[in-house]
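Numbers for residues simply follow the sequence, beginning at 1. All values below come from the heavy atoms of this structure, side chains included, with hydrogens, waters and symmetry mates left out.
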Amino acid sequence: SLLARWGPGKIGCGTGRKAAAKDFPPFFAALRLDSPPMSPEAETADRTPTAAAERVNGLISIVIPVFNEEENLAALRKRLVVAMEGFGRPFEVIFTDDGSRDKSLEILKSYAAEDDRLRVIEFNRNYGQHAAVFSGFAAVRGEIVVTLDADLQNPPEEIPKLLAKI
């Protein structure tokens, strides 16, 4: 289901988050979150932190900014889900559609309707990759967050190797 819609003045993320891992491949970022998660209620602009008890122990959150990637999404989803299911830990994927003009948002919404581990944030226009990533950070529920681009230049199959180093 749609996680949130974002418009002017509604982009932000919590504070107190710091990187916990070093020496990762340069195309990945991973964070271990020490602060409570931000509220993941659908369609909200409220950026108030939720209770720390809502953080899901052991959950891996993967944040993926998306802009006009309809041609890559099927392969991305398949490869990512296979890699993460093979890793054997619970996971969620947060796709942030950054105002795509193609069918990316429609595709992402259909994926989220089929798999409750996949969530979507919708921007009303293109705000840029950094805003898309930070909105994903604000919505995560996992203790560890991994970022990945949607263009498949960096293989999702590398994520378990990254996580094994944490």
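Contact between Glu69 and Val66 at its shortest, heavy atoms only, is CB-CG1, 3.9 Å. Counting all heavy atoms, side chain and backbone alike, Ala150 lies closest to Asn72 at O-CB, 3.5 Å. Taking each heavy atom of Ile60 and Met84 in turn, the nearest pair found is CG2-CE, 4.0 Å. Taking both residues in full, the closest heavy atoms of Ala132 and Pro65 are given as CB-CB, 3.6 Å, listed atom of the first, atom of the second, then distance. Heavy atoms only, all atoms of each residue included: Ala74 and Tyr111 are closest at CA-OH, 3.2 Å.
Among Ile107, Leu76, Ile121, Ile62, the single residue meeting the side-chain contact (heavy atoms from CB on, under 4.5 Å) criterion with Phe95 is Leu76. Applying side-chain hydrogen bond (donor to acceptor under 3.5 Å, both in side chains) to Asn126 and the options Asp97, Asn68, Asp98 leaves one that passes, Asp98.
Separation of atoms CG (Leu105) and CZ (Phe67) is listed at 12.5 Å; rounding is to 0.5 Å. With values rounded to the nearest 0.5 angstrom, Leu108 atom CG is found 9.5 Å from Thr96 atom OG1. Considering OG1 of Thr147 and CD1 of Ile64, their distance stands at 9.5 Å, rounded to 0.5 Å. Note that the CG atom of Leu148 and the CD atom of Gln153 stand 11.0 Å from one another [nearest 0.5 Å]. Atoms CD and CG, from Glu71 and Leu152 in turn, are 11.5 Å apart once rounded to the nearest 0.5 Å.
Between Ser135 and Tyr127, the closest side-chain pair of non-hydrogen atoms is not below 4.5 Å. Looking only at side-chain heavy atoms (C-beta outward), Val63 and Val146 stay at 4.5 Å or farther from each other.
Looking at residues two or more places apart in sequence or on another chain, you find a side-chain hydrogen bond (donor to acceptor under 3.5 Å, both in side chains) between Arg79 and Glu157. Scored by the side-chain hydrogen bond (donor to acceptor under 3.5 Å, both in side chains) test, Glu114 finds Arg77 as partners (sequence neighbours excluded). Residues forming a side-chain hydrogen bond (donor to acceptor under 3.5 Å, both in side chains) with Glu70 (at least two apart in sequence, or on another chain): none.
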Could you check Glu92 against Ser61 for side-chain hydrogen bond (donor to acceptor under 3.5 Å, both in side chains), going step by step and ending with a plain yes or no?
CA-CA 5 Å; Glu92 69 176 350; Ser61 295; 2.5 Å; yes

Evaluate side chain to side chain contact (heavy atoms under 4.5 Å, CB included) for Gln129 paired with Val133, printing each intermediate quantity in order.
CA-CA 6 Å; Gln129 183 177 19; Val133 169; 4.3 Å; yes

Applying side chain to side chain contact (heavy atoms under 4.5 Å, CB included) to Arg119 and Arg141, what does each step give before you reach the verdict?
CA-CA 11 Å; Arg119 300 189 295 153; Arg141 294 179 298 200; 3.7 Å; yes

Chi angles and distances behind the side chain to side chain contact (heavy atoms under 4.5 Å, CB included) call for Leu80, Ile159:
CA-CA 9 Å; Leu80 180 60; Ile159 294 173; 3.7 Å; yes

Could you walk me through whether Val93 and Arg117 pass side chain to side chain contact (heavy atoms under 4.5 Å, CB included), step by step?
CA-CA 6 Å; Val93 180; Arg117 299 173 297 186; 6.0 Å; no

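A salt bridge links Lys161 to Glu158: at least one charged side-chain nitrogen sits closer than 4.0 Å to a carboxylate oxygen.
Geometrically, Arg89 does not engage Phe91 in a cation-pi contact defined by less than 6.0 Å to the ring centre and at most 45° from the axis.
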